[in-house]
Every structure is written in structure tokens, then in C-alpha cells.
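The residues of the chain are indexed from 1 along the displayed sequence.
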Amino acid sequence: MINLTDSAVNAIKSAISSSTHPTGGLRVMIEAGGCNGLKYKMGLVEEPKPDDTVLECDGLKVFVDNKSREHLIGTTIDFVMALESSGFTFHNPNATANCSCGKSFS
């Protein structure tokens, strides 16, 4: 359903290891907003919510709420380091349009 590149896995594992809060996994979801109507949201959380789908990617638990599932099927999350900016990128085959920042889609 969701794929994480090696770079994304390493960035997430690094964030988990430096977190001062208990972390059970990464929540990935879609919210209304952004330039194109929908935006990606990610964060480290202690445990899944009751309606979450729990995936495992290279030893990491990824929690996806059921409302976001249909928008995220086939999405690849990468972590890119560049001179101008570094961060997570999303390659979503379900998106018909993307914002130039890569964090919003329709």
C-alpha cells in the first residue's frame, strides 16, 4: 500500500531513536488543505488508533487511518537531502495534480 525508500526508512529510524517520547510507529494521513485541496501529514506516534491499518515497512510500523487509505495506495515516500532543502517527498500515483512544494495534491 505504502512504500518507503531506504533513505526514508533511515530518516524515520533516526527520528525515532532521537525522540524523547515513546514511539510505536509513523502515522501517515491525508488532510484537507494545501494548495491543491489535500495535504500529506506524518508524525511519530505511540500507538495506532482503533481504525488504523497497520503496515510494516523494513521493520517500521506505519499507521494509516481508513479515510486516507484510498488516497495513499501505491504511494512511495522518500527522504531527499539537497542543498536547497531536505525532507520527505511523496510519489503518489493517485494524484492528478501536485503543488510545487510536493506536500499538497488533488
Contacts of type side chain to side chain contact (heavy atoms under 4.5 Å, CB included), residue [X], not counting sequence neighbours:
X     : result
Ile16 : Ile12, Thr23, Leu44, Leu60
Asp78 : Thr5, Ser7, Val80, Thr89
Asn10 : none
Thr75 : Leu72, Ile77, Phe90, Asn92, Pro93

(message) Who clusters with Val45? Use side-chain heavy atoms, under 4.5 angstrom, across I, L, V, M, F, W and Y, and order the result by chain and number.
(response)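 Under the 4.5 Å side-chain rule, Val45 groups with Val54, Phe63.
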(request) Using a 4.5 Å cut-off on heavy atoms from C-beta on, say whether the side chain of Thr53 contacts that of Arg69. (result) yes
(message) Measuring only between side-chain heavy atoms, which start at C-beta, is Leu38 closer than 4.5 Å to Glu31?
(response)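 Leu38 vs Glu31: side chains apart.
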(message) Determine whether a donor-acceptor pair (N or O, by modelled atom type, separation under 3.5 Å) exists between the side chain of Ser18 and the backbone of Ser14.
(response) yes
(message) Main chain of Asp51, side chain of Asn66: is a donor-acceptor contact present, judged purely on distance under 3.5 Å?
(response) yes
(request) Could you tell me whether Glu56 and Lys61 make a salt bridge, using a distance below 4.0 angstrom between a side-chain N and a carboxylate O? (result) no
Going by side chain to side chain donor-acceptor pair (under 3.5 Å), name the residues that satisfy it together with [X], two or more places apart in sequence or in a different chain.
X     : value
Asp6  : none
Asp58 : none
Lys49 : none

(message) Quick test of your reading: applying salt bridge (charged side-chain N to carboxylate O under 4.0 Å, His left out), list the pairs with at least one residue in residues 11-28, sequence neighbours left out, ordered by first then second residue.
(response) Arg27-Asp52
Of the non-hydrogen atoms in [X] and [Y], which two are nearest, and what is the gap between them?
X     : Y     : answer
Cys57 : Val62 : SG-CG2, 4.2 Å
Lys39 : Ala32 : CE-O, 4.0 Å
Asn94 : His71 : ND2-O, 3.3 Å
Ala11 : Phe88 : CB-CZ, 4.0 Å

(request) Please assess Met42 against Leu26 for the test side chain to side chain contact (heavy atoms under 4.5 Å, CB included), listing each intermediate value before the final yes or no. (result) CA-CA 7 Å; Met42 296 184 357; Leu26 174 73; 4.2 Å; yes
(message) To the closest 0.5 Å, what do you measure between OG (Ser68) and CE (Met29)?
(response)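 Between Ser68 OG and Met29 CE, I get 5.0 Å after rounding to 0.5 Å.
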